[in-house]
Amino acid sequence: MIQIDHLTKKFPNQKGLFDVSIQVDMGQIFGYLGPNGAGKSTTIRHLMGYMQPDTGKATINGYDCWEESDKIHSILGYVPGEIAFVEGMTAVDFLDAMAGMRNLKSNTRRKELIETFDLDMRVPIRKMSKGMKQKLAIINAFMHDPEVIILDEPSSGLDPLMQKTFVDLLHKEKSKGKTILISSHIFSELEDTADTIAIIRKGRIITVQELSLLKGEMAANRYEVEFYRQEDLQTIVHSGLVVQSHSGNKAVISVDREISEILEQISQYPIKALDIPRQRLEDVFMKYYYDEEA
Ligand SMILES: Nc1ncnc2c1ncn2[C@@H]1O[C@H](COP(=O)(O)OP(=O)(O)OP(=O)(O)O)[C@@H](O)[C@H]1O
């Protein structure tokens, strides 16, 4: 379990983290969402034991991330936001070195992951593309079967097929009961994986909610209806339903009452198309961002 309690870290430029509290339970995928410079990587650096909080604390499976970081690293898999490999190393050298540091005896899982992500290990790291380096970082993060996994924008650089492979891997790990924190500003990545989402902005947590509730908050609030006949649209405009806008034979109707009441009225006329715009995490995020700004 990952726990951050009232963590504050103020940089000399007044940026940083302010009273951040989050909890990621075992078997949970926790999405950490925020715009550039919000404080996601700074939070993760505290979890990794790279930074000492001014006040508050972070723990992983009960170990203090700053004071007991050595204990944490053996149970942790981590994909950093900016990956820097030692120049001149081959991918095999790198994974061997990491396996050695972790006292890892078996290569089975490593081989499976190399196959899953289809990484050509013969290419020297310095000649690898951004996506290939990202794959190598992912293999490194998962090859020792860690209990807790921390991923800082993990699928940046991966092509759509590999992003899907990665999402599948996350689902498998979750089903094994792993605790996973993913920071991202790629909404779809979290929409497909996260149970709970925290939104951070300017170093402060704006909201922590179950993804399903967060989406429900902005549940379909309008119908887009296309009529065959202009006169039917005009009748609807004057029917007492709240028509937000209309053009051509299309009307956007506000869902401000019982859905059955609205459907009953519009279904009196032949309808060419009816669309209920799907709520996306991105819309929810923008709403929070905008509301806080206002
Ligand atoms: N060591 C530091 N000294 C001073 N300011 C810092 C330091 N580290 C981070 N910051 C500032 O703190 C803020 C949060 O940075 P952070 O890297 O955590 O953001 P982020 O949410 O990970 O952003 P991105 O999505 O762009 O990676 C930024 O304004 C950054 O400039």
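In listed order, ligands and their atoms are each counted from 1.
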Point to revise | Gap between atom NZ of Lys40 and atom OG1 of Thr43 - 0.5 Å precision | key: 9.0 Å
Review point. Between Gly16 and ligand 1, is there a nitrogen or oxygen pair with a distance under 3.5 Å?
Key: no
Review point. Would you call the rings of Phe166 and Phe117 parallel, tilted or perpendicular if under 30° counts as parallel and over 60° as perpendicular?
Key: tilted
Check your understanding: Is at least one protein non-hydrogen atom found at under 4.0 angstrom from atom 25 (O) of ligand 1?
Key -> yes
Exercise for review: Show which atoms of ligand 1 fall inside a sub-4.0 Å distance from at least one heavy-atom site of Thr42.
Suggested key: 9 (C), 14 (C), 15 (O), 16 (P), 18 (O)
Check your understanding: Any idea which part of Asn13 is under 4.0 Å from ligand 1, heavy-atom wise: side chain, backbone, both or neither?
Key -> side chain
Exercise for review: Give a yes-or-no answer on whether the side chains of Glu261 and Gln265 include a donor-acceptor pair shorter than 3.5 Å.
Suggested key: no
Point to revise | Check: Ile4 and Ser21 side chains under 4.5 Å, non-hydrogen atoms | key: no
Review point. Hey, is atom 30 (C) of ligand 1 under 4.0 Å from any protein heavy atom?
Key: no
Practice item. Identify which of Ser41, Ala38, Gly203 has a heavy atom lying nearest to atom 27 (O) of ligand 1. Key: Ser41
Check your understanding: Mind checking whether Thr43 has an N or O less than 3.5 Å away from an N or O of ligand 1?
Key -> no
Check your understanding: Should Pro12 be counted as touching ligand 1, given the test is an N or O pair under 3.5 Å?
Key -> no
Check your understanding: Is ligand 1 under 4.0 Å from a heavy atom in the side chain of Lys40, in the backbone, in both, or in neither?
Key -> both
Study note, to complete from the structure: Atoms of ligand 1 under 4.0 Å from any heavy atom of Glu153, numbered from 1 in the order shown, are 25 (O)
**Study point:** 4.5 Å side-chain heavy-atom contact, Arg110 and Leu95
**Key:** yes
Study note, to complete from the structure: One finds that the ligand 1 atoms under 4.0 Å from a non-hydrogen atom of Asn36 are 23 (O), 24 (P), 25 (O), 26 (O)
Exercise for review: Starting from atom 13 (C) of ligand 1, locate the nearest protein heavy atom and write down its residue, its atom name and how far away it is, to 0.1 Å.
Suggested key: Gly37 O, 3.5 Å
Review point. Just wondering, do Ile60 and Gln3 contact through their side chains at under 4.5 Å, heavy atoms?
Key: no
Point to revise | Thr90 versus Asp93, side-chain donor and acceptor atoms under 3.5 Å | key: yes
Check your understanding: Does some non-hydrogen atom of Gly39 fall short of 4.0 Å from ligand 1?
Key -> yes
Check your understanding: For Tyr269, what residues pass the ring-ring contact (aromatic ring centres under 6.0 Å, His included) criterion, not counting sequence neighbours?
Key -> none
**Study point:** Identity and distance of the protein heavy atom lying nearest atom 10 (N) of ligand 1
**Key:** Phe11 CE1, 3.4 Å
**Study point:** Short side-chain donor-acceptor distance under 3.5 Å, Asp152 and Ser183
**Key:** yes
